[in-house]
Amino acid sequence: VEEVIEQADYLYGSGETEKLYRLLVQHKNSDDADLLWRLARASRDLAQLSSTSAEEKKKLAYEAFEYAKKALEKNESNSAAHKWYGICLSDVGDFEGIKTKIGNAFIIKDHFERAIELNPKDATTIHLIGIWCYSFAEMPWYQRKIAATLFATPPTSTFQEALRYFHMAEEADPNFYSKNLLYLGKTYLKLNNKKLALLWLSKAKDYPAHTEEDKQVQKEALELLNSI
């Protein structure tokens, strides 16, 4: 297992998404949580590629969720298993409509918070709670109405709260992720602080693009900078 994980981490670092998935999917019946959450991540990364068809994206999203669920069953105190369970549950919600998506919201946040308890220095998970807060701060009124019918106290948040998490993530691991820089810029825009929005959006635009996501971040940062 250690050898497979070592190989997997090398492929992940090299951005070899398809090779990584092919390597790990051979071990889908493994009992090792560290291997299973990596398989969940690899399935999700494959789903995110622009070359993946819509049908395949959906299949991979559900597959990734099953692997994350299994990782958690195998080891409840594995921080990464909680993180990927939350991420994959959110992805599956995209295919099941707004009611399910909102219904899953508290479960997702619980898993992210548990992941941080187990690994307080994990900047990515702190960033994900920031995204969670941002999404609910930005939620349109008709979705708020649905949320109000689903919960006695529906999930709510503010842009200030989102900002706090994005800064915490940056403190935990400076410059770790292009999307965190982008969201710092976007949140400052929402709070009408153009000066700081320009600062963080410029950082996002200049972030070296290693992945397809980084390229999308650069594009969005540039569009926002041009609109200010």
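Since the structure is predicted, the reported quantities are computational estimates derived from the model, not experimental observations. Computation of the quantities below employed the complete heavy-atom set of this structure, encompassing side-chain atoms and omitting hydrogens, waters and symmetry-equivalent molecules.
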- prompt: Just wondering, do His127 and Lys179 contact through their side chains at under 4.5 Å, heavy atoms?
  reply: yes
Taking C-beta and beyond as the side chain, do Val25 and Tyr67 meet within less than 4.5 Å on heavy atoms?
-> yes
Closest non-hydrogen contact found for Gly130 with Ala162 is O-CB, 3.5 Å
Practice task
Let me see the working for Asn78 and Asp34 under side chain to side chain contact (heavy atoms under 4.5 Å, CB included), right down to the final yes or no.
Solution key: CA-CA 8 Å; Asn78 185 308; Asp34 283 323; 2.9 Å; yes
- side chain to side chain contact (heavy atoms under 4.5 Å, CB included) assessment of Tyr177 paired with Glu213: CA-CA 10 Å; Tyr177 187 28; Glu213 186 178 48; 2.8 Å; yes
In terms of heavy-atom contacts, Ala147 and Pro155 come closest through CB-CD, 4.5 Å
Of all heavy-atom pairs linking Ala209 and Asp214, the shortest is CA-CB, 3.5 Å
For Glu170, the salt bridge (charged side-chain N to carboxylate O under 4.0 Å, His left out) test, sequence neighbours excluded, returns none
So SG of Cys88 and CH2 of Trp37: to nearest 0.5 Å the spacing works out to 11.5 Å
Checklist entry - Under a 4.0 Å N-O cut-off, is there an ion pair linking Lys69 with Glu66? => result yes
Here the side chain to side chain donor-acceptor pair (under 3.5 Å) pairs for residues 135-151, sequence neighbours left out, are Glu138-Lys190
Worksheet item: In the single-linkage hydrophobic clustering (I, L, V, M, F, W, Y; side-chain heavy atoms under 4.5 Å), do Ile129 and Met139 co-cluster?
Response: yes
The salt bridge (charged side-chain N to carboxylate O under 4.0 Å, His left out) partners of Lys74 (sequence neighbours excluded) come to Asp31
Side chain to side chain donor-acceptor pair (under 3.5 Å) pairs touching residues 152-161, sequence neighbours excluded, are Ser157-Glu161
Glu220 meets the salt bridge (charged side-chain N to carboxylate O under 4.0 Å, His left out) criterion, sequence neighbours left out, with Lys186
I'd like to check Asn75 versus Ser77 (side-chain heavy atoms, cut-off strictly below 4.5 Å). Are they in contact? yes
Note: with side-chain heavy atoms under 4.5 Å as the link, the other cluster members for Leu36 come out as none
Lys219 meets the salt bridge (charged side-chain N to carboxylate O under 4.0 Å, His left out) criterion, sequence neighbours left out, with Glu223
CG of Leu60 to CG of Leu46, rounded to nearest 0.5 Å, is 5.0 Å
Separation between NZ (Lys83) and CG (Leu128), nearest 0.5 Å, reads 7.0 Å
Here the side chain to side chain donor-acceptor pair (under 3.5 Å) pairs for residues 96-113, sequence neighbours left out, are Tyr62-Glu96, His82-His111, Ser90-Lys101, Asp94-Lys101
task = Apply salt bridge (charged side-chain N to carboxylate O under 4.0 Å, His left out) to the pair Glu117 and Arg114, showing each step before the final yes or no.
result = CA-CA 5 Å; Glu117 265 173 39; Arg114 182 78 180 110; 3.0 Å; yes
For residues 9-18, the side chain to side chain donor-acceptor pair (under 3.5 Å) pairs (sequence neighbours left out) are Asp9-Arg38
Next item on the list: Go through the steps to decide whether Asp32 and Ile5 satisfy the test side chain to side chain contact (heavy atoms under 4.5 Å, CB included), and finish with yes or no.
Entry: CA-CA 10 Å; Asp32 190 280; Ile5 287 176; 4.0 Å; yes
Check your understanding: Is there a chain of hydrophobic side chains (I, L, V, M, F, W, Y, each step under 4.5 Å between heavy atoms) that links Tyr21 to Val1?
Key -> yes
Determine, stepwise, if the pair Asp45 / Ser43 fulfils side chain to side chain donor-acceptor pair (under 3.5 Å). CA-CA 6 Å; Asp45 285 349; Ser43 308; over 6 Å; no
Next item on the list: For the pair Lys57 (side chain) and Leu49 (backbone), establish whether a donor and an acceptor sit closer than 3.5 Å, ignoring hydrogens and angles.
Entry: yes
Keeping the roles fixed (side chain from Lys28, backbone from Leu39), state whether a donor-acceptor pair exists under 3.5 Å.
no
Besides Ile131, the hydrophobic cluster formed by Ile, Leu, Val, Met, Phe, Trp and Tyr side chains linked at under 4.5 Å, directly or via other members, contains Tyr134, Phe159, Leu163, Phe166, Leu181, Tyr183, Leu184, Tyr188, Leu191, Leu196, Leu199, Trp200, Tyr207
Distance col, row Ile126:CD1 vs Phe112:CZ, nearest 0.5 angstrom, shows 12.5 Å
Separation between OH (Tyr165) and CG (Asn180), nearest 0.5 Å, reads 13.5 Å
Are Val92 and Ile98 linked, directly or through intermediate hydrophobic residues, by side-chain heavy-atom contacts shorter than 4.5 Å (ILVMFWY only)?
yes
Residues pairing under ring pair (Phe, Tyr, Trp, His ring centres under 6.0 Å) where one sits in residues 86-108, two or more places apart or in two chains, turn out to be Phe106-Phe151
Interatomic distance, CD1@Ile87 vs CZ@Arg44, rounded to 0.5 Å, equals 5.5 Å
Tracing side-chain contacts under 4.5 Å among Ile, Leu, Val, Met, Phe, Trp and Tyr outward from Leu225 reaches Leu182, Leu189, Leu198, Leu201, Val217, Leu224, Ile228
Requested in this report: Look at the side-chain heavy atoms of Ile, Leu, Val, Met, Phe, Trp and Tyr, link any pair under 4.5 Å apart, and say whether Ile108 and Leu72 land in one connected group.
Outcome: yes
Requested in this report: Check the pair Arg22, Lys19 against side chain to side chain contact (heavy atoms under 4.5 Å, CB included), reporting the backbone distance first and the verdict last.
Outcome: CA-CA 5 Å; Arg22 284 200 299 271; Lys19 269 190 195 167; 3.6 Å; yes
Heavy-atom closest pair (Ala221 atom, Ala204 atom, distance to 0.1 Å) is CB-CB, 3.9 Å
**Prompt:** Side chains of Thr125 and Asn119: does their closest heavy-atom pair fall under 4.5 Å?
**Reply:** no
